[in-house]
Structure formats: structure tokens, C-alpha cells
Amino acid sequence: MKVTILVGTMTGTAQLCAQEMELALDDGETQVKTVLMDGLDATVFAQESLFLICTSTYGQGDVPDNAKALYDDLKAKRPDLSHVRYGVFGLGDRTYAETFNFGGKRFDELLTELGAKRIGERHMHDASSGVLPEETALEWCQDWMTLAKEATTQKS
Ligand SMILES: Cc1cc2nc3c(=O)[nH]c(=O)nc-3n(C[C@H](O)[C@H](O)[C@H](O)COP(=O)(O)O)c2cc1C
């Protein structure tokens, strides 16, 4: 089983979380690749893989700068992603009450619109909680992987 973690980040926190998830999940049976979203376009979803969107939120509830090209390309091209299964580990800060975790939310809504199916609940990390996101990521991704294995077994 292959898992591709797509990272949207401004100051590296989401990347740190992705690295923890890769370490936790990559065990030979599951092959994990972490990729920064910089320079990616919608064709990244053509590969045979499960996807984990690991992204923070910036500006007025926007995706980070390095995620904009991918997000905009998906919006413009609207490919059929009905073959895609994905999870979302979002990072944000509840201090931004109106736009809390909108980066992950935007990707989640767009992928669903394009026919992709989410596995598990979208995680919403809160930087103001004092809980370290990379620790939460470790636990969260193991639960997510269990659900992903169940989902792919049901499919085949
Ligand atoms: C200028 C700025 C704007 C932000 N805007 C939002 C926001 O609208 N909503 C939100 O939930 N978090 C917002 N955040 C919080 C970040 O998403 C959060 O700190 C996250 O952990 C940063 O992860 P990163 O280092 O991977 O970019 C903002 C942070 C900064 C510095």
C-alpha cells in the first residue's frame, strides 16, 4: 500500500507533522512518501496511492502559499477524482475563530466535490491549545491507517 503525504506549510509545522507520520506509517508493507505541495498540479492525484493532506491555514482562512498552485489547478481543471481516497490533517489556531482550520477544510471540500472519498474525520489541530501537533499527528495517523486498511479491503 502506498501513502503520499502532501504538505501545505508556511513555517514548517505541517512538514514536521508529515515527517512524524511518515516515520510512524512507513513499515515496508506501507510505503510512505512526503511531498511538499510546491509546484504540484492536479496530476499528482493520478498516481495509485492513498493521500494524506497535511496543511496549515494562513491569511483570511487561505491555504498556505506553497499549496495555492495545487489548490487553484484542482479548482480550474476539476478532474474526476472518484478513484482517490484521502485523509486530512489540518493545522490552525482557534484564535482565528472565523477561519479556524480553513486550509484543511478547503482541500477537503474541493476533493469531495471532485468525487474523492475521505477516510476518517478531518483532524483540526489548534496551535493555541498547547498540544504539540507532531505528537497528535503520530496518534491520529495510526488510527487513520487502520481505517484506510479497512476501507481498501472492503473495496477489493
Ligand atoms: C499570519 C498568520 C495567519 C494565520 N491565519 C490562520 C487562520 O485564518 N485560521 C487558522 O486556523 N489558523 C491561522 N493561522 C495559524 C497557523 O495555521 C498555525 O499556526 C499553524 O500551526 C502553522 O503551521 P505551518 O508552520 O505548517 O504553516 C495563522 C498564522 C499566521 C502566522
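All residue numbers refer to positions in the sequence shown, counting from 1. All values below come from the heavy atoms of this structure, side chains included, with hydrogens, waters and symmetry mates left out. All ligand and atom numbering here is 1-based and tracks the order in the structure.
Between atom 27 (O) of ligand 1 and the options Gly90, Gly12, Ser56, the minimum heavy-atom separation is to Ser56. Between the choices Thr11, Asn66, Thr99, Asp93, the shortest heavy-atom distance to atom 15 (C) of ligand 1 belongs to Asp93. Here atom 21 (O) of ligand 1 lies nearest to Leu91 when heavy atoms of Leu91, Asp126, Val7, Asn101 are compared. When the heavy atoms of Tyr58, Phe102, Phe100 are ranked by distance to atom 31 (C) of ligand 1, first place goes to Tyr58.
Ligand 1 lies less than 4.0 angstrom from a heavy atom belonging to Gly59. For Pro64, the heavy-atom gap to ligand 1 stays at 4.0 angstrom or more.
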Report task. Please lay out, stage by stage, how Lys2 and Gln47 fare under the test side chain to side chain contact (heavy atoms under 4.5 Å, CB included). Result -> CA-CA 10 Å; Lys2 283 190 184 154; Gln47 60 185 304; 6.0 Å; no
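The contact set between ligand 1 and Gly92, taken as ligand atoms under 4.0 Å from a residue heavy atom, comprises 10 (C), 11 (O), 12 (N), 17 (O). Of all the atoms in ligand 1, the ones that sit under 4.0 Å from a non-hydrogen atom of Thr13 are 23 (O), 24 (P), 25 (O), 26 (O). The distance from ligand 1 to the heavy atoms of Gly61 drops below 4.0 Å at these ligand atoms: 8 (O). Close approach of ligand 1 to Met10 is summarised as follows: ligand atoms under 4.0 Å from at least one heavy atom of the residue are 24 (P), 27 (O).
The protein heavy atom nearest to atom 17 (O) of ligand 1 is Thr57 O, 2.7 Å. Closest to atom 3 (C) of ligand 1 among all protein heavy atoms lies Tyr96 OH, 3.4 Å. Summary of contacts: the protein heavy atom closest to atom 19 (O) of ligand 1 is Ala127 CB, 4.0 Å. Regarding atom 24 (P) of ligand 1, its nearest protein heavy-atom neighbour is Thr9 OG1, 3.4 Å.
Asp62 places a side-chain heavy atom less than 4.5 Å from the side chain of Arg106. For the pair Val44/Leu70, a side-chain contact is recorded, criterion being any heavy-atom separation below 4.5 Å from C-beta on. Counting heavy atoms from C-beta outward, Leu50 and Trp144 have side chains that approach closer than 4.5 Å.
With sequence neighbours left out, the side-chain hydrogen bond (donor to acceptor under 3.5 Å, both in side chains) criterion links Arg118 to Asp108.
Side chain to side chain, Tyr96 and Ser128 fail the donor-acceptor criterion of an N or O pair below 3.5 Å. At a cut-off of 3.5 Å, with distance as the only test, no side-chain donor of Gln15 or Thr9 sits close to an acceptor on the other residue.
Interatomic distance, Asp93 CG to Tyr58 OH, rounded to the nearest 0.5 Å: 9.5 Å.
Cation-pi geometry between Lys68 and Tyr71 is not met at under 6.0 angstrom from the ring centre and within 45 degrees of the axis.
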